[in-house]
Amino acid sequence: MLEVRDISKWFGGNPVLHDITFRIEQGEVVGLIGPNGAGKTTLFNVLSGFYRSKTGAIRFKGEEISRLNPEDICRKGLCRTFQITKPFSNLTVFNNVVIGALSRERGIRQAEKKADEILDLVEMTSKRDLPGRSLTIADRKRLEVARALATSPDLLLLDEVMAGLNPNELKGMIDLVKRLTELGITLFVIEHIMTVIMGISDRIIALDHGELICEGPPKKVADDPKVLKAYLGEDYVAAQG
Amino acid sequence: MNKGAKRDVLILIAGVAFFALLPLFVKNDFYLDGFILIFVWGAFAGAWNIISGYGGMVSLGHNAFFGIGAYTSTLLFLRQGVSPWVGMWAGAVIAAVIGVILGVICFRLRSHYFALATLAFGQVASILALNWRGLTEGAEGLTLPIHPSFTKMIFATKLGYVYMGLGLLIAVLLITYFIENSKLGYFLVAFRENEDAARALGVRTGRVRLVAMAVSSALSALIGSFYAQYLLYIDPSSVIRLQIAVQVALFAIVGGVGTVFGPFIGALIFIPITIFLRAKLGSALPGLHMVIYGGILILVLFYMPKGIYGMLREKYFPSSRIFK
């Protein structure tokens, strides 16, 4: 589904991503972990077209997309959510989702029908007519997912949709993510909460200082000394050793 | 049709009937002139609203498009004998092309920087009109010979202008209503609310704004042509000076940006004030109407940030599909 080869990103003189190469297969749930500043969100920005990589290639469904704009990448079926949520504040929850649906649907009517289905799926029907600005953090995150879902993505990039939620809200979000996989949507998920990411991912990719340091099944990545070092420091690994 | 929708349709019909029939009973040219100005400015503010209200790209250069319309139809008529009915469309096409070029260059600028760039553009247009004497006759202006005839779009009585002005206004309102209920309208608002989120959801924010800019500039030019036919004399100060751009933005903002009827409501409030002050004060206190404009603007921005119509709509028509 997605083939990323040798992409790099520099902010001025700082390398934030360095020669990243990996693949995501159809139907997989892939987790992306790494300490703060590792380059996770930057990687999402490159994949979704908000940043350009000067090197390498990104192939999505067999097609080169690394030179496309975000809006065209979305229309090809690769959609992302934002870690810092960006609701259309003055529009209702419903119209937020309608706009997501409009890039794929032919007319307003069809988009409205789809939006209601999506709101039902993400269990936000009761918030349908509230303005985006009035939502709690948990609902904003849910709205991010709902809007992205409305664009009918094949691959969905979820950027920390579980951060800042209370245990109850967290459970709801995990259920939602599981439902997405049942719909056949391939997921690439940034998440900090280890138990969650370990539980939902088929495979995990770990970044540190812009380098891909480890990749594999959750268990393997969790035990990898390089990952432990990135999160907990040299001393911890030595002490465990 | 539910009860609320029925009421809204009745109000709408009553409103149209009021503005369509009242001029028939007004015999005084002074008041008829008021109607024409309300329609012209209401329509122009509505045209401005399409890119600047819905799209949030605040333009302070729409005087240029208004002037392009006025000068194109007038020059084509004076120099080539082309009927203004045709000339006004030529002006609309030229304005749309220039609007799109301006958009391609300036849309990368955000909020106040875009406003400043368009302000400069409007000033350039105004200076060109003043100094390109070979084309525009500069400050001497251009005079249309008074030979009333329908083909020359010169009407014998003010009533003709009243109805053509009303027709233009209704056309702008219908186009705005249509845009608001189309993909274009949704995408414009999405861009205005949050550009990154809109793009991530597949909204082609560049293209959408260029279309809105083309429609907005073309409509402004059509109204400019009509205004020239009404004045029968144009010069840079009457159709293209900076104050026109400021005034049209002011009307729309006070009335309510990003709504179908707001800009018209703005004109409906301001034009009578202007006319009244001019008649009462004459030239005793020149510029006083600008002071009053400023005062009203400050009060509205403080107490009704969504504009007069924006506030009324929220209060009386919260879920109306007509009053938007």
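Quick note on labels: first sequence line is chain A, next is B, and so on, each numbered from 1.
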Mind checking the CG-NZ spacing from Leu201(B) to Lys86(A)? Nearest 0.5 Å is all I need.
-> 11.5 Å
Count the heavy atoms belonging to other residues, nucleotides or ligands that lie under 6.0 Å from CZ of Arg52(A), then report whether that count exceeds 12.
-> yes
Shortest non-hydrogen contact from Arg75(A) to Gly202(B)?
-> NE-O, 2.7 Å
Inspect the surroundings of NZ in Lys61(A) and state if more than 12 heavy atoms from other residues, nucleotides or ligands are less than 6.0 Å away.
-> yes
Can you tell me if CD1 on Ile84(A) sees more than 12 non-hydrogen neighbours from other groups inside 6.0 Å?
-> no
Taking Ser103(A) for its side chain and Val203(B) for its backbone only, find out whether a donor-acceptor pair lies under 3.5 Å.
-> no
Any donor-acceptor N/O pair, Lys183(B) side chain to Leu102(A) backbone, under 3.5 Å = yes
For Gln110(A), look at atom CD and say whether over 12 heavy atoms of other residues, nucleotides or ligands are found less than 6.0 Å away.
-> yes
Ranking Ser89(A), Gly49(A), Ser48(A) by heavy-atom pairs under 4.5 Å to chain B gives rank one to Ser89(A)
In terms of heavy-atom proximity below 4.5 Å to chain B, should Glu144(A) be classed as side chain, backbone, both, or neither?
-> neither
Under 4.5 Å, counting heavy-atom pairs only, tell me which of Ile73(A), Thr151(A), Ile108(A), Asn96(A) racks up the most with chain B.
-> Ile108(A)
State, with a plain yes or no, whether a side-chain heavy atom of Tyr186(B) is found less than 4.5 Å away from one of Leu91(A).
-> no
Using non-hydrogen atoms only, which part of Phe82(A) is less than 4.5 Å away from chain B: side chain, backbone, both, or neither?
-> side chain
Counting only heavy atoms closer than 4.5 Å, note whether Asp196(B) contacts chain A via side chain, backbone, both or neither.
-> both
Decide, yes or no, whether a salt bridge links Glu71(A) with Arg204(B) under the criterion of side-chain N to carboxylate O below 4.0 Å.
-> no
Can you tell me if CZ on Arg207(B) sees more than 12 non-hydrogen neighbours from other groups inside 6.0 Å?
-> no
Just wondering, more than 12 heavy atoms not from Phe11(A) lying within 6.0 Å of its CZ?
-> yes
Taking the side chain as C-beta and beyond, is there a heavy-atom pair between Arg192(B) and Phe88(A) under 4.5 Å?
-> no
